[in-house]
Amino acid sequence: MDKFLIRGGQSLKGTIEISGAKNSALPCLAATLLSAETVTLHNVPYVKDLITQRRLLEDLGATVLTPELRTHKVTAKNIGTFEAPYELVKTMRASVLALGPLLARFGRAKVSLPGGCAIGTRPIDLHLKAFEQLGATVSLESGDVVARAPKGRLTGAEISFEKVTVTGTENVMMASALAKGKTVIHNAACEPEIEDLAELINKMGGRIKGAGTPTIEIEGVEALSGAEHTIIPDRIETGTFIVAAAITGGELEIRKCEPKHLQAVIEKLRDSGVEIEELNQSSLLVKCGAKGLTAKDITTEPHPHFPTDMQAQYMALMTQAEGISVVKETIFENRFMHASELVRMSAKIDFSGNTARVHGKTRLTGARVQASDLRASASLVLAALCASGETVIDRVYHIDRGYENIVRKLGAVGAKIERISESPTTAAATE
Ligand code: UD1
């Protein structure tokens, strides 16, 4: 297992470019299964989860060409199996996104039920209930979810999610795109990734209105065609690099981002003393304000509020703010594993249930720590960048799932970060 070795204390300076959004590219790749024609996606980030999603498409029988590293041309003409096996689902929960399109186009799908994961139990009951409302029969057979549309085609329905679910909304949008009649999703997730997916499906000939709002209307069509689409920038990667500039007292120009997708994060960070200037529609200039950082509280909530995927990185930043900040996690249970690792780096954090209190400002010290999930790893990288001495972060395969070239990107703006490969022959190798 690879590790990162980080020598903290360098102020980051320079320009960083944001990659395509992992959480948009995943459903958009799944949506290619809705058509027999070629769908071309640009700006697909080169991260582990996308490699897994590509493998899933190929296992199902789709052809995936990559004329350029970040362009995927998918032709799902000859789909031979309708199954996402356990080996894939266990490494990436988002494989459940294959359920909606397979069920919509072929009337059947089998996806291994994702088990518990590091950030809580994360069931998919709401996805399954919605499929049933669209007329599918859903059963659990030896740990697999088996869904069938009785007459080969789903039927539009009114669906009210009792809880906002991002991939649940995406699965239902994809399933109902080819259903007979109209579907209305109430209490839909409003994340920018939902809008991006709807835009792709509409380019394929779909009829979706209201994506990005809590009510989405989908008029089912008989078939979808090929299309070409560019994935939106990753708002969580953007937020992570804003924190990187602030936590190191540096100055970063962040390019190819979409500031309007992370307004809640930008506002909170400004409030706590980070200077963020919108240079234009896709560039930000970030530096730590002259007065330093002040503790501010956050509560994670569905979009457009503060995202759970930025909670861990924000917590790292708050160790450098004067005062006590209260961090409340309302989306996932068990999403404070980074807190105990930050404490190993001399942070003062106490937490119980879904609330953590960060006592700042503390001088962080390098330590040996362990990444537990994707965003927790980002939080540890950020803390290590401002800690004195060396930090070794174990299990960085978590960060490889969602951050493209993070070692190279941070290294280019002055961070002292290297990847250490644990292979017996290579003692150290940079990314
Ligand atoms: C997506 C994102 C993830 C982000 C999360 C919340 C992708 C690939 N992943 O995950 O990065 O952290 O949104 O913004 O886009 N729930 C149920 N039953 C269900 C579905 C969800 O109880 O059937 C619960 C979950 O356990 C959680 C909450 O609803 O407590 C929200 O989860 P959800 O929005 O579905 O997260 P994901 O779509 O898995």
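Read the numbers this way: they start at 1 and go in the same order the structure lists the ligands and their atoms. In this text, all values refer to a predicted model and were calculated from it rather than measured experimentally. Atoms considered below: every heavy atom in the structure, side chains included; atoms not considered: hydrogens, waters and symmetry mates.
- Proximity annotation for atom 16 (N) of ligand 1: of Pro27, Pro123, Ser95, Ala94, Pro123 comes nearest, heavy atoms only.
- Under the 3.5 Å distance criterion, with hydrogens and angles disregarded, no donor-acceptor pair is assigned to the side chains of Ser35 and Ser225.
- With no hydrogens or angles considered, a side-chain donor-acceptor pair links Glu141 and Ser139 at under 3.5 Å.
- Note: an N/O pair closer than 3.5 Å links Ile331 and ligand 1 by distance alone.
- Neither the backbone nor the side chain of Glu193 has a heavy atom within less than 4.0 Å of ligand 1.
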For Asp350 and His359, what are the C-alpha separation, side-chain angles and deciding distance, and is it a side chain to side chain donor-acceptor pair (under 3.5 Å)? CA-CA 8 Å; Asp350 52 76; His359 304 254; 2.8 Å; yes

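- Using a non-hydrogen distance threshold of 4.0 Å, Glu333 does not register as a contact of ligand 1.
- By the 3.5 Å distance cut-off applied to N or O atoms, Thr308 is not counted among the residues near ligand 1.
- Not one N or O of Glu170 is nearer than 3.5 Å to an N or O of ligand 1, by distance alone.
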Determine all donor-acceptor pairs shorter than 3.5 Å in which one atom belongs to a side chain in residues 201-209; sequence neighbours excluded.
residue : atom : partner : partner atom : Å
Asn202  : OD1  : Ile208  : N            : 2.9
Asn202  : ND2  : Ile208  : O            : 3.0
Lys203  : NZ   : His229  : ND1          : 2.7

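- No N or O atom of Lys22 sits closer than 3.5 Å to an N or O atom of ligand 1.
- Heavy atoms only, all atoms of each residue included: Met174 and Ala104 are closest at O-CB, 3.7 Å.
- Using the six-membered ring where Trp is involved, Phe82 and Phe106 have ring planes that are tilted, between 30° and 60° apart.
- Looking at Arg419 and Asp2, a side-chain N of the basic residue comes within less than 4.0 Å of a carboxylate O on the acidic one, giving a salt bridge.
- Under a 4.0 Å criterion applied to the non-hydrogen atoms of Arg93, ligand 1 contributes the atoms 39 (O).
- Evaluated by nearest non-hydrogen atom to atom 3 (C) of ligand 1, the leading choice among Ile194, Leu97, Asp309 is Asp309.
- Contacts of Arg335 with ligand 1, taken as heavy-atom pairs under 4.0 Å, involve the side chain alone.
- The backbone and the side chain of Leu126 each have at least one atom closer than 4.0 Å to an atom of ligand 1 (non-hydrogen atoms only).
- Of the listed options Thr300, Thr167, Leu374, Thr167 places a heavy atom closest to atom 38 (O) of ligand 1.
- The salt bridge (Lys or Arg N to Asp or Glu O under 4.0 Å) with Asp309 is formed by just one residue from the set Lys22, Arg235, Arg335; it is Arg335.
- Under 4.0 angstrom from ligand 1, the non-hydrogen atoms of Val164 all belong to its backbone.
- Residues Phe241 and Val413 have side chains not in contact (no heavy-atom distance under 4.5 Å, counting atoms from C-beta outward).
- Close contacts of ligand 1 with His127, meaning ligand atoms under 4.0 Å from a residue heavy atom, involve 23 (O).
- In this structure a side-chain-to-backbone donor-acceptor pair under 3.5 Å is present from Glu329 to Ile331.
- Within the 4.0 Å heavy-atom shell around ligand 1 one does not find Pro307.
- Both the backbone and the side chain of Val166 come within 4.0 Å of ligand 1, judged by heavy-atom distances.
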